[in-house]
Amino acid sequence: MVAYAFLIPLLPLLAALSIGGLHFFNLLRGEAGEKLSARLAAWAIGLAAALALGLLGLELAGSPSGLQVYGSWLASGKLAIGLSLQAGGLNMALAALFGTLLLAVARFSRNYLHREPGFHRFFFILSLFAAAMLLLVLSGNAVFTFVGWEIAGVCSYLLIAYAYERPVAAYNATRVFITNRVGDGGFLLGIGLMLAWLESADWQTLNTGAADLDRGDATLLALSFAVAAFAKSAQIPFSPWLARAMEGPTPSSAIFYGGAMVHAGVFLTLQLRPLFEQAPAAMALLAAIGAMTAIYGYWVGLSQTDIKSSQIFAASVQLGLMFLECGLGWWTLAAWHLAAHAVVRCYLFLTTPSILHNTHGRPLEPVPAALADCRWAFIASLQRGWLEPAVDWLLVKPILQLAKDSRYIEERILDPLMGSPAPAIRAMSSLAQREEQKMGANLSSAEDSFAQGSGLAGKLAQWTSGLLNWFEYHFILRGIGGESIRVGRRLGQAANRFEQLLLRARYLALFVLITLMVALGYR
């Protein structure tokens, strides 16, 4: 039974491919096809959730579970990366939890998005996201965890930009996508260090071999994955992207930023518990960043006036507390906190459209007096602590300025030294053609006034220069010269192509070989 764990991420992937294929070939369109799209997504996610729940129940009943290897994906020397899933423990528990929440969101979305222009697109992305999240939590190695990590990020981008005709939605989706790619750099660095030091990308190998790593190596490896976790779970300084992600539909906000994806960073930290325990500096950083994020989220959340923003900053508080718990070594508490918060936050996001109905007649809670009386603190809370402008000023603007400086150096210094770039050559060629046409139009009216002279010697020089000028205009530039210019251009183009051909690696190697043979022959 445990061997069928591969179906958990595979079933939603097949549903996504089916919905996308049918829609691409115009077999699934408009309101008539809504029922089929919703059923394909719901049935696939439901079966995956049921299988995960069944395997979790068997494990609790005492059935053996563990790493399931289905083949080899890459093998080179001592390095081997397999197709493996962790079919037990925290991984299977979270797969069952996320699968259940995904099923609830799929059922909710069927009526919520009825007659929306992007109905089929939403269920395609939701099914693809379900496959990515289930692969992320079940993968037995860092490579396929990263694959799920990236596909989930792409799905997040597509759903934030769901209303892509709105510039704000497209801009926010781009900001969120780029911010999360910063964390991906830490993840890739962690994978590279694993392969270099442990010659393996398996999570089990990393956790069992963490005790054998030097303190410095373990700290660097833990910090690499910590950066990835901070970005994915919107910890300081990456927190602003979470508020921008609210441009998507409410169901996507519920499962992406309330139920599943926003907890991926916490899950990664929990999965690497043995590694972090070997790196006290990394655990101290987890606690510090988590505490700062919790305080920031609570402070900014006090002044929010819309329900989605309030939910987002409340989620930031809870995520910060989870990282604080991990940093303090309270791993079991952090795992239960993750599960409980995923359920509660997903439910609260799904009920946000009816919040006015649910709270009708109830008095609204005012801003706390301590915050209202402190004007600067209240304004700073309304401005969300100016965190995003501060990050732009510290990181984004220097990088943009560096890019401008590099372009200036290239255009003003390197290009003149190395020769004109291709656009300048094209511009010069067009200018030469216009000059040639203009010259041809003026040849008939050209006078032999090329030079002026006085006296016998001067007149002879004038007549000679006029004759030579007439000959040049009528026979060289107009007749033979025009054809020779065109022939010269063709020869130049042929020479350029020949030069590019010679610069190819195989011809360069051939020339080097011939040179060596000649040199050895002369010896």
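Note that the structure is a prediction, hence the values are computed from the model and not measured. Heavy-atom basis, side chains included; hydrogens, waters and symmetry copies ignored. The chain is numbered in sequence order, starting from 1.
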Is any side-chain heavy atom of F256 closer than 4.5 Å to a side-chain heavy atom of V262? no
Residue pair S72 / L83, side-chain heavy-atom distance below 4.5 Å: no
Of all the heavy-atom pairs spanning L275 and A218, show the shortest one and how long it is. CD1-O, 3.9 Å
Exactly one of R110, R121, H120 should register a side-chain hydrogen bond (donor to acceptor under 3.5 Å, both in side chains) with S37. Which one does? H120
Could you tell me whether the side chain of N141 and the main chain of V143 form a donor-acceptor pair under 3.5 Å? yes
Tell me the closest heavy-atom pair linking A342 and G259, and the distance in Å. CB-O, 3.2 Å
For the side chain of E247 and the backbone of A161, is there at least one donor-acceptor N/O pair under 3.5 Å apart? no
Answer yes or no: is there a side-chain heavy-atom contact under 4.5 Å between R244 and T179? no
When every non-hydrogen atom of I45 is compared with those of L103, the smallest separation belongs to CG2-N, 3.6 Å
Please report the closest heavy-atom contact between S127 and I19, naming both atoms and the distance. OG-CD1, 4.1 Å
Are the side chain of N180 and the backbone of V176 linked by a donor-acceptor contact shorter than 3.5 Å? yes
Given 3.5 Å as the limit, does a donor-acceptor pair link the side chain of S233 with the main chain of G265, or not? yes
Ring-face cation of R181 near F177 (centre distance under 6.0 Å, axis angle within 45°): yes
Using a 3.5 Å distance criterion without hydrogens, assess whether the side chain of W241 forms a donor-acceptor pair with backbone atoms of A231. yes
Quick one: does P251's side chain get under 4.5 Å of I255's, heavy atoms only? no
Check this for me: does any side-chain nitrogen of one of E34 and R29 sit under 4.0 Å from a carboxylate oxygen of the other? no
Answer yes if the side chains of W149 and D184 hold a donor-acceptor pair under 3.5 Å, and no otherwise. yes
Can you check whether E59's main-chain N or O pairs, donor with acceptor, with S63's side chain at less than 3.5 Å? no
Would you say W203 and L67 make side-chain contact, with heavy atoms under 4.5 Å? no
What about F238 and F230, are their ring centers closer than 6.0 Å? no
So among H341, R345, H337, which one has a side-chain hydrogen bond (donor to acceptor under 3.5 Å, both in side chains) with Q318? H337
Non-hydrogen atoms of V105 and S109 that approach each other most closely: O-OG, 2.6 Å
With a 3.5 Å distance limit and no angle check, can you tell me whether S316 reaches the backbone of I312 through a side-chain donor-acceptor pair? yes
Report yes or no: do T250 and Y112 form a side-chain donor-acceptor pair below 3.5 Å? yes
Heavy-atom check, side chain of W299 versus side chain of F313, under 4.5 Å: no
Are any side-chain N or O atoms of S139 and backbone N or O atoms of T145, one a donor and one an acceptor, separated by less than 3.5 Å? yes
More than 12 heavy atoms of other residues, nucleotides or ligands under 6.0 Å from CZ of R175: is that the case? yes
Does any N or O in the side chain of N91 come within less than 3.5 Å of the main-chain N or O of Q86, such that one atom is a donor and the other an acceptor? no
Tell me if a side-chain donor or acceptor on Y70 pairs with a main-chain N or O of A3 at a distance below 3.5 Å. yes
Within a radius of less than 6.0 Å around OH of Y347, do more than 12 heavy atoms belonging to other residues, nucleotides or ligands occur? no
Which atom of L270 lies closest to which atom of C326, heavy atoms considered: CD2-SG, 3.9 Å
